[in-house]
Amino acid sequence: MAPRSPEQLYAARVTRALKKDYPDVTCALEFESPVQLLVATILSAQCTDKQVNIVTRSLFQKYRTAADFAAANLPDLENAIKSTGYFRNKAKNIKACCQRLVERHGGEVPRNLDDLVQLPGVGRKTANVVLGTAYGIASGVVVDTHVARITHRLGLTKSSDPVKIEQDLLVLLPQKEWINFSHRLIYHGRSVCNARKPRCEECSMRKFCPRVGVEA
DNA sequence: CTCCCGATAT
DNA sequence: ATATCAGGAG
């Protein structure tokens, strides 16, 4: 066992509290294949997972495979995902992304970060979600709006840049924890530590959170 | 940095 | 009315 810094011990304390609160938490996005998870994750940008699941329920009946999305009529696809917002960008990216899956990856979602982030509309956050949740590959730590906000509030990072936050978390957390740490923080971010009105009195981490009692 | 954008809570 | 929601690209 490698020696651990005070920051790593603090991160372990946070991890223990999250495990106790959310023992069985997992990805909230609903899917039946890696391709579907990729599409759902693209749709989840600046949209609630609840709304994404409403849309994908019917969407995945009409489009099942990468080939289906690659052949989609763009206005039809736009209309089908309209309620998730950014629907023109998302529809264009999903179609182009799946066209490339068919052309270069045999219709499958690649299992490495470099190939994934080359896909249109797929950044580091989406790539980490797909690798971790569809394939169980801990390629990094998913840093979305919830993870960014809460790690900053807890003092696990001083940065507000998602890329730098992930670099900090990669050092603070053992690789074994990477995938589920994000799932738990995201769930915690929706239910307790939300952006506008955090429910600190209900938070199990209030005893050591440096933000409790601090305004703004 | 800006733009993309509908649904919901406050 | 406004902030925010499992971001990414130009």
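Residue numbers start from 1 in every chain, and the chains themselves are labelled A, B, ... in the order their sequence lines are given, proteins ahead of strands. Because the structure is a prediction, the values reported are computed rather than measured.
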Student: When every nucleotide of nucleotides 4-10 of chain C is labelled 5' to 3' by its protein contacts under 4.0 Å (heavy atoms), B for base, S for sugar-phosphate only, - for none, what sequence of letters results?
Tutor: SBBBSS-
Student: Between A:Thr84 and A:Ile54, which is nearer to the 5' end of DNA chain B once each is assigned its nearest nucleotide?
Tutor: A:Thr84
Student: Can you name the closest pair of heavy atoms from A:Arg184 and A:Val25 and give their distance?
Tutor: CG-CG1, 3.1 Å
Student: Would you call the rings of A:Tyr63 and A:Phe69 parallel, tilted or perpendicular, taking 30° and 60° as the class edges?
Tutor: parallel
Student: So A:Arg13 and A:Leu9, do their side chains get closer than 4.5 Å, heavy atoms only?
Tutor: no
Student: Looking just at side-chain N and O atoms, do A:Gln36 and A:Thr56 make a donor-acceptor pair shorter than 3.5 Å?
Tutor: no
Student: For A:Arg199 and B:dA9, what is the distance between atoms CZ and C1' respectively, to the nearest whole Å?
Tutor: 13 Å
Student: Do A:His146 and A:Leu185 come close enough that some side-chain heavy atom pair is under 4.5 Å?
Tutor: no
Student: Does some side-chain heavy atom of A:Val147 sit less than 4.5 Å from a side-chain heavy atom of A:Lys125?
Tutor: no
Student: Is A:Lys90 reaching over with its side chain to a backbone N or O of A:Gly85, donor-acceptor style, under 3.5 angstrom?
Tutor: yes
Student: Side chain of A:Asn180, backbone of A:His183: donor and acceptor closer than 3.5 Å?
Tutor: no
Student: Just to be sure I understand the geometry, which residues of residues 70-79 of chain A put a non-hydrogen atom under 4.0 Å away from DNA chain C?
Tutor: none
Student: Considering only the P atoms, how many Å lie between C:dA6 and B:dT10, rounded to the nearest integer?
Tutor: 14 Å
